[in-house]
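Have a look at the structure below before the remarks.
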Number of protein chains: 2
Amino acid sequence: MKYIEKLRNSGLRPTKQRLQICEVLFDVDETFHFTIYDLAKKIKKKHNNKISLATVYNTVHAFEKKGYLKQIPINSNQTYFDTNVSDHHHFYDLSEEKLIDLKNSDVGPINIKKKIDGKKIKSVEVLVKLED
Amino acid sequence: MKYIEKLRNSGLRPTKQRLQICEVLFDVDETFHFTIYDLAKKIKKKHNNKISLATVYNTVHAFEKKGYLKQIPINSNQTYFDTNVSDHHHFYDLSEEKLIDLKNSDVGPINIKKKIDGKKIKSVEVLVKLED
DNA sequence: AAAGTACTTTATAATGATTCTAAACAAGTG
DNA sequence: CACTTGTTTAGAATCATTATAAAGTACTTT
Ligand SMILES: [Mn+2]
Ligand SMILES: [Mn+2]
Ligand SMILES: [Zn+2]
Ligand SMILES: [Zn+2]
């Protein structure tokens with residue numbers, strides 16, 4: 001299976017549950033922006049079985065740590081993750097509570113002129129909030 | 001008192017508790033980036049009394065709704081607020097979990113080229129994560 | 001393939017931030 | 001001062017997330 005390596009790289013044994021999570025996360029071409037609840041719902045629908053929330057949380061966090069997923073900073077009570085781990089920016093549609101990818105060419109290069117001693121830049125992310 | 005108007009504008013009667021919250025929030029020149037817990041701690045220290053958390057939450061949310069405070073999107077289990085309500089960007093120091101204001105001249109103008117039908121841009125915020 | 005070890009899943013409990021509730025209390029009004 | 005309305009508060013409720021520990025599975029070693 002094509003996800004076994006991804007799981008092993010993340011320090012996880014390939015189990016039925018984890019492979020199902022992978023299929024939902026990585027089997028599609030388009031970016032998937034999701035909360036844990038979204039993901040659990042999608043697994044249930046696609047595979048017609050329920051995976052314990054603890055397993056979903058653990059797997060998602062292992063992937064995030066390894067860089068196969070990333071978290072998107074948003075003002076929400078739930079944490080949002082993204083299958084697009086490249087450096088990119090977002091629209092956030094406030095009324096639908098949905099994230100939309102922006103291409104870097106939609107935003108242009110961002111040059112941060114200020115420096116803080118002893119710290120280096122890890123990421124630069126733009127969040128564009130949209131209203132109706 | 002100088003905060004009575006701010007409170008009335010926010011639809012709140014000026015009470016002892018709310019005026020104390022105002023003093024901590026608006027009596028200083030520098031921007032204050034805070035969580036509800038930070039704010040409650042600071043009130044306790046400055047005024048030597050404790051205000052119920054419900055009151056702190058209610059007051060902060062009323063100010064936010066009126067535009068006297070704003071929320072900063074961050075990956076954290078706690079919500080961060082900002083007394084600087086102008087359009088501006090942030091460094092987020094990951095190891096100290098602290099926000100630092102960036103001047104707009106530190107980032108330069110950001111021109112969002114993509115448009116979404118029926119939606120308009122409400123805000124454009126840059127978050128620069130810093131590591132050691 | 002059986003046995004042994006280490007890791008995994010799961011239901012359930014614990015935690016922690018935030019919101020709700022309703023009773024005691026304070027502010028505004030005339 | 002009486003009256004109404006808004007406020008404070010402790011404590012309960014809610015909800016996302018994390019921890020626990022018992023039963024199950026994957027991998028390794030014979
Ligand atoms: Mn937040
Ligand atoms: Mn978040
Ligand atoms: Zn994205
Ligand atoms: Zn700020």
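Predicted, not measured: the structure shown is a model, and the values here were computed from it. Note on naming: letters A, B, ... go to the chains in the order of the sequence lines (proteins, then strands), and numbering restarts at 1 for each one.
The nearest whole Å value for the distance from the CD atom in B:Gln20 to the C1' atom in C:dA26 is 15 Å. The CG-C1' distance, from A:Leu7 to C:dT9, rounds to 15 Å in whole Å. Rounded to an integer number of Å, the gap from CG of A:Asn75 to P of C:dA17 is 17 Å. Atom pair B:Leu19:CG and C:dA26:P shows a separation of 15 Å (rounding to whole Å applied). As a whole-Å value, the separation of B:Asn49 CG from D:dT9 C1' is 13 Å. Following rounding to the nearest Å, B:Ile43 (CD1) and D:dT9 (P) show an atom-to-atom distance of 10 Å. Rounded to whole Å, atom P of C:dG28 lies 12 Å from atom CG of B:Leu12. Between the CG atom of B:Asn58 and the C1' atom of C:dC20 there is a distance of 10 Å, rounded to whole Å.
Considering only residues two or more places apart in sequence or on other chains, B:Tyr37 meets the ring-ring contact (aromatic ring centres under 6.0 Å, His included) condition with none of them.
Rounding to the nearest 0.5 angstrom, the gap separating the CG atom in B:Asp29 from the OG1 atom in B:Thr83 is 10.5 Å. Separating the NZ atom in A:Lys129 from the CG atom in A:Asn75 is a distance of 4.5 Å, to the nearest 0.5 Å.
Considering only the side chain of A:Arg18, C:dT8 comes nearest among C:dT8, D:dT9, C:dA11.
Taking only side-chain nitrogens and oxygens, B:Lys50 comes nearer than 4.0 Å to OP1 or OP2 of D:dA10. At the phosphate of D:dT8, neither OP1 nor OP2 sits under 4.0 Å from any side-chain N or O atom of B:Ser52. Taking only side-chain nitrogens and oxygens, A:Gln17 comes nearer than 4.0 Å to OP1 or OP2 of C:dT10.
Cation-pi contact between B:Lys114 and A:Phe91: absent, since separation from the ring centre below 6.0 Å together with deviation from the ring axis within 45° is not met.
B:Ile21 places a side-chain heavy atom less than 4.5 Å from the side chain of B:Ile43. Using a 4.5 Å heavy-atom threshold, the side chains of A:Phe26 and A:Lys2 count as separate.
Checking side-chain atoms of B:Arg18 against main-chain N and O of B:Arg13 turns up a donor-acceptor pair under 3.5 Å.
Residues A:Gln78 and A:Asp38 bring no donor and acceptor atom of their side chains to less than 3.5 Å of each other.
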Practice prompt. Using a 4.0 Å heavy-atom cut-off, write out nucleotides 14-30 of chain D from 5' to 3' as B (base contacted by protein), S (sugar-phosphate only) or - (no contact).
Written response: --SBBB------BS---
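If you run side-chain contact (heavy atoms from CB on, under 4.5 Å) between A:Phe34 and each of A:Thr79, A:Leu69, A:Asp82, only A:Leu69 comes through.
Note on the helix from C:dA1-D:dT30 to C:dG30-D:dC1: angle between the axes of the first and last five pairs equals 30°, rounded to 10 degrees.
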